[in-house]
Amino acid sequence: MTANRLTDTPPRVPERPALDGLEQKWSEAWEREGCFRFERGAPRERVFSIDTPPPTVSGSLHVGHVFSYTHTDAVARYHRMQGKAVFYPMGWDDNGLPTERRVQNHYGVRCDPSVAYDPDFEPPTTASGGGAQPAEKEPLAISRPNFVELCLRLTETDEQAFEELWRRLGLSVDWSMTYTTIGERAQRISQRSFLGLLARGEAYQLEAPTLWDVDFQTAVAQAELEDRERPGAMHRVRFGLAGGTGDALIETTRPELTPACVALLAHPDDERQRGLVGKEAVTPLFGTRVPVLTHPLVDPEKGTGLVMVCTFGDLTDVVWWRELGLPVRSVLGPDGRLTEVPWGSGVWQSEDVERARREYEQLQGRTVNQARKRIVELLVQDGDLVGEPTPITRAVKFFEKGERPVEIVTSRQWFVRTMTHTDELLERGRELRWHPPYMRARYEDWVNGLTGDWCVSRQRFFGVPFPIWYPLDDAGGVRHDQPIAASQEQLPVDPSTDVPDGYTAEQRGAPGGFVGDPDVMDTWATSSLTPQIAGGHTDGTSGSCEDAELFASIFPMDLRPQAHDIIRTWLFSTILRSQLDHDALPWANAAISGWVLDPDRKKMSKSRGNVVTPMHLLEEYGADAVRYWAVSGRPGTDTAFDAQQMKVGRRLAVKLLNASKFALADLPPEGDALTNPLDRAMMARLAAVVADATGSFEEYDYARALERVEVFFWWYCDYYLELVKGRRYDTGESQAAREGAASVSRALRRSLSVFQRLLAPFLPFVTEEVWSWWQEGSVHGASWPDGEELLDALGAVEPASAGIEEDALALAAEVLKEVRKAKSEARRPMRAPVSRVVVHERPERLRALELGVADLRAAGSIEAIATVAADELAVEVELAEEPAG
RNA sequence: GGGCGCGUAGCUCAGUGGGAGAGCGCUCGCUUCACACGCGAGAGGUCGCAGGUUCGAAACCCGCCGCGCCCACCA
């Protein structure tokens with residue numbers, strides 16, 4: 001890093017400095033000069049690497065994005081000024097469901113992996129002027145590669161718009177390193193990592209009960225669930241006992257699953273149910289015999305104390321089913337409707353098969369809700385519904401992007417082992433430095449609450465395919481137990497169009513041939529590899545995109561910034577993958593940002609007709625002002641959207657323009673030393689502020705750093721600049737005047753240089769503008785101020801005299817405030833002359849004041865200052881007579 | 001049910017053992033030679049409630065109340 005140069009050429013200060021146009025002027029200059037280009041070849045210890053969150057590109061960026069990305073940018077700029085080579089890429093998360101949905105609606109198509117690729121395909125409706133034309137007809141079925149092409153086409157324009165916004169906001173990312181989560185590099189790295197997991201037994205395939213979204217018809221993961229309150233009803237249902245010797249009452253919110261009942265359970269200590277345990281109950285309507293068993297998870301306080309286990313009503317059913325070794329009676333299809341079942345065969349025995357068949361026909365083909373309504377009618381007819389259903393509100397699990405509750409459907413899926421690694425993951429969580437620290441609790445809660453391995457396969461299309469095929473036996477049956485893995489050289493592959501080694505394309509689907517795995521990976525299975533994708537991780541076997549040297553210089557990364565809502569998904573899965581692939585933490589620090597709270601909850605939602613988009617904010621207030629609002633939100637803290645704060649930020653930017661103009665324009669020649677005590681005391685204060693801001697940044701507390709700098713800067717403008725103004729303009733003949741001016745000149749330049757750099761991470765545009773008036777190069781490439789630099793400016797100071805000088809500055813400011821108060825109360829202008837000021841104060845402070853009395857007199861237009869020894873400060877101010885007329 | 005965070009001026013929030021603060025808003029004043037996108041001044045608070053520790057608590061401990069979030073095997 002080059003030293004900051006105080007050039008000898010006079011500063012070029014505009015007559016009327018303004019903020020307008022600075023964003024465009026400087027963002028273009030930064031791009032032209034490559035200011036934020038990552039310095040390749042920098043050794044690891046001089047690199048600061050950031051695992052940028054790739055925003056989802058389907059949809060638009062909102063103020064919440066602006067908020068948290070600005071936090072990271074301030075930190076990035078700080079470390080860059082500390083001399084680090086900052087690895088700060090941007091990624092676009094374009095893979096996954098949200099994009100699929102948009103493409104389907106936008107182009108009127110649907111993906112069908114069995115359709116062959118059409119290289120000349122053009123979508124039926126084209127996006128004209130950005131507006132989608134809703135497809136009237138049945139969606140057109142197209143191949144997966146064609147579908148993916150449309151996804152890419154649609155996300156590309158979004159990505160351009162996002163980049164434009166980020167540049168306007170002043171994010172100092174290296175745009176040459178941008179990646180996408182559906183891009184070739186992401187696919188290859190995802191597939192390669194998956195094959196590694198498979199080879200090491202960390203990934204496996206299993207046919208098992210899986211969380212299932214019936215609308216998207218795909219498996220989903222535990223991490224993608226959320227609770228929603230939904231009205232329901234509790235039904236009390238009577239089961240007969242085998243042999244007709246009484247009955248058993250259960251309560252359920254899901255009576256439609258009665259045909260799927262496989263057992264009744266009681267708590268082992270529940271005396272009331274003791275007589276039933278060990279017997280067999282008979283399901284109403286269907287006459288299926290089910291055992292009455294016990295399990296400690298049953299809550300005897302709930303309902304009748306007896307619970308019906310179905311395959312499967314909820315995750316607890318899965319636990320009971322597994323632990324008690326119960327059979328499967330599955331009635332729910334992947335579309336969320338009740339399927340056909342073979343009454344009388346296998347597990348579908350009944351005391352009255354004909355009746356079971358007849359009753360079930362009333363339910364078959366219906367949705368869950370329809371079936372529930374119907375079975376209640378059937379139970380009432382049969383007299384097995386006890387009392388009226390009781391309306392209740394209960395939490396139901398939903399896929400976070402879904403519209404109907406998730407069901408549990410048995411299907412074949414890929415899993416990544418997590419349960420065998422939870423201890424390691426908890427240990428990694430303790431190694432990670434969390435900012436703020438309490439966010440670790442959320443991670444630990446999540447890891448401790450995991451109930452199963454991570455289901456990574458999705459029955460979707462716009463994602464990274466599994467690099468897997470299966471052989472077909474002579475009868476055309478799929479041999480799932482003999483997966484054919486793609487070779488490293490083939491990656492990335494799409495098994496729906498690519499052919500495994502040793503086969504020909506003609507053998508696809510033919511007996512003795514092969515089929516591709518139809519699924520794609522969970523979007524988090526790719527996103528969990530962002531450090532590897534961004535850093536070009538390679539195992540040396542393939543590809544020009546990967547770069548072993550680069551990866552070694554950035555991994556493990558320094559910082560993962562992200563919001564708290566995706567600790568359980570993105571943060572957790574990234575730690576897991578890094579643990580499995582590298583046996584290491586992926587980053588040293590995690591900075592967790594809060595959310596932006598919507599002010600509309602409290603007021604003015606209707607008065608504002610338009611949605612406030614980030615671009616509007618940037619246009620109205622300026623990027624620096626918007627950034628100011630963002631960085632005043634403390635790490636991890638939810639922050640209210642507040643346009644007023646943006647105005648305050650704009651004021652700060654304008655203030656810096658004007659203070660810089662004052663300090664630099666027509667400045668008298670600079671002296672070799674700070675000879676004036678007030679100048680020295682101000683610089684000493686500034687040194688303390690630098691230390692405070694630096695310490696705060698080291699703790700990732702950008703907000704505290706800004707606050708300290710800002711408070712001191714306003715004090716500097718209101719008191720220090722006013723106190724030294726007279727001396728600055730006094731280019732008189734005397735030696736003392738020349739020396740005083742030379743000292744203030746030096747102090748102004750040194751302090752201004754420090755302020756401009758301290759504010760640069762927060763207000764990059766205005767600081768770059770004022771820096772350009774008098775310095776070479778970019779302020780963002782300048783070095784962060786440090787103690788040594790300030791000591792150098794200050795010269796050697798005895799601690800005792802430093803204390804006296806500080807007293808002089810403090811007391812001069814206090815007296816000036818009293819003088820202003822007197823003038824304000826007398827409704828006189830601030831320049832109104834004061835004939836006499838009497839300062840009562842402790843003698844040692846009065847002696848100190850001597851050092852600053854000349855500046856004080858000039859600043860307050862004070863003719864005479866007298867002092868009186870006293871225990872505490874009191875100031876008498878005698879204003880001069882108001883001039884007649 | 002468990003956990004985390006928060007509760008300070010009308011609003012947004014700093015402040016973690018010793019004077020209750022900032023900005024905005026409000027009121028009043030000031031064309032001041034960097035800045036009217038400005039400057040100066042003022043009013044405004046039983047620091048959620050109740051105990052405890054301490055010479056001393058907004059801060060530390062216990063309990064309670066309220067708000068928000070996360071997690072849970074929510075039948």
Side-chain angles (χ1 to χ4, degrees), chain A residues 13 16-19 227 229 232 234-235 250-254 257 264-265 295-299 302-310 313-320 392-397 436-451 564-565 567-568 594-595 597 599 602-603 621-622 625 629 632-634 636-645 647-648 650-666 703-704 707-708 710-711 714 717-718 721-722 725-726 728-729 816-817 819-832 861:
Chain A
V13 181
R16 288 190 159 276
L19 297 177
D227 286 350
E229 293 287 328
M234 190 63 80
H235 307 77
I250 60 106
E251 283 197 350
T252 180
T253 56
R254 303 204 59 181
L257 292 178
L264 301 186
L265 296 185
H295 193 279
L297 281 184
V298 178
D299 183 352
K302 274 192 182 139
T304 61
L306 205 57
V307 60
M308 162 174 88
V309 184
C310 305
D314 60 29
L315 288 171
T316 320
D317 281 343
V318 180
V319 173
W320 285 326
I392 57 163
T393 301
R394 79 245 194 261
V396 182
K397 298 228 178 280
Y438 61 75
M439 287 294 178
R440 175 189 300 144
R442 301 203 179 187
Y443 173 81
E444 294 192 344
D445 273 3
W446 177 251
V447 175
N448 286 323
L450 286 170
T451 58
H564 53 64
D565 56 324
I567 288 175
R568 66 176 185 171
W595 277 356
L597 298 179
K602 290 160 194 164
K603 52 177 179 177
Y621 301 103
W629 159 74
S632 50
R634 303 188 104 77
T637 305
D638 293 344
T639 301
F641 173 82
D642 188 358
Q644 195 60 47
Q645 272 296 99
K647 291 183 184 167
V648 175
R650 193 173 170 86
R651 285 203 325 140
L652 177 61
V654 169
K655 196 73 176 175
L656 182 63
L657 281 178
N658 288 308
S660 298
K661 178 186 169 192
F662 168 75
L664 295 174
D666 304 318
R704 183 186 160 96
E707 189 217 284
R708 298 308 152 112
E710 187 194 7
V711 165
W714 282 106
C717 290
D718 293 343
L721 293 186
E722 292 300 328
K725 199 172 264 183
R728 180 208 189 286
Y729 285 118
L816 180 59
K817 185 175 173 70
V819 169
R820 285 170 172 168
K821 182 175 176 176
K823 291 177 181 179
S824 193
E825 282 171 352
R827 306 192 163 189
R828 301 282 298 278
M830 284 301 126
R831 67 177 177 185
S861 308

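Below, chains carry the letters A, B, ... as their sequence lines are ordered, and counting in each starts from 1.
A donor N or O paired with an acceptor N or O is found under 3.5 Å between the base of C74(B) and the side-chain atoms of Asp227(A).
Taking 4.0 angstrom as the limit, Arg651(A) places a side-chain polar atom (N or O) nearer than this to OP1 or OP2 of C39(B). The side chain of Lys647(A) places no N or O atom within less than 4.0 Å of a non-bridging phosphate oxygen (OP1 or OP2) of C24(B).
No more than 12 heavy atoms of other residues, nucleotides or ligands sit less than 6.0 Å from atom CG of Asp666(A).
When the C1' atom is compared between C35(B) and G40(B), the two are found 14 Å apart, to the nearest whole Å. Annotation: G63(B) and C73(B) have their C1' atoms spaced 31 Å apart (nearest Å). Nucleotides C39(B) and G25(B) place their P atoms 12 Å apart, quoted to the nearest Å. Across the P atoms, G42(B) and C24(B) are found 15 Å apart, a figure rounded to whole Å. Atom C1' of G19(B) sits at a distance of 13 Å from the matching atom of G56(B), rounded to the whole Å. Rounded to whole Å, the P atom of A9(B) lies 14 Å from the corresponding atom of G21(B). Annotation: U32(B) and A22(B) have their C1' atoms spaced 25 Å apart (nearest Å). Using C1' as the reference atom, U31(B) and G38(B) are 10 Å apart when rounded to the nearest Å.
Using a 4.0 Å heavy-atom criterion, one finds that Asp299(A) contacts the bases of the nucleic acid, with or without backbone contacts as well. Contacts of Lys821(A) with the nucleic acid, taken as non-hydrogen atoms under 4.0 Å apart, involve only primed sugar atoms and P, OP1 or OP2. Nucleic acid contact class of Trp629(A) (heavy atoms, under 4.0 Å, all strands): none. Contact annotation for Cys310(A): no contact, since no heavy-atom pair falls under 4.0 Å across all strands. Looking at heavy-atom distances under 4.0 Å, Leu297(A) makes contact with a base.
In secondary-structure terms, RNA chain B builds stems of at least 3 consecutive Watson-Crick or G-U pairs, each pair having both distances under 3.5 Å, at B:1-7 with B:65-71, B:10-13 with B:21-24, B:26-30 with B:38-42.
Put simply, NZ on Lys725(A) and CD on Glu722(A) are 3.5 Å apart, with the number rounded to the nearest 0.5 Å.
As rounded to whole Å, 12 Å separates atom P of C6(B) from atom CZ of Arg442(A).
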Extract from the structure each pairing of a protein N or O with an N or O of nucleotides 29-32 of chain B at less than 3.5 Å, listing the distance.
residue, atom, partner, partner atom, Å
U32(B), OP1, Arg831(A), NE, 3.4
U32(B), OP1, Arg831(A), NH2, 2.8

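The side chain of Arg650(A) approaches C37(B) more closely than any other nucleotide in the set C37(B), C71(B), A75(B).
Residue pairs meeting the salt bridge (Lys or Arg N to Asp or Glu O under 4.0 Å) criterion with at least one partner in residues 439-451 of chain A, sequence neighbours excluded, are absent.
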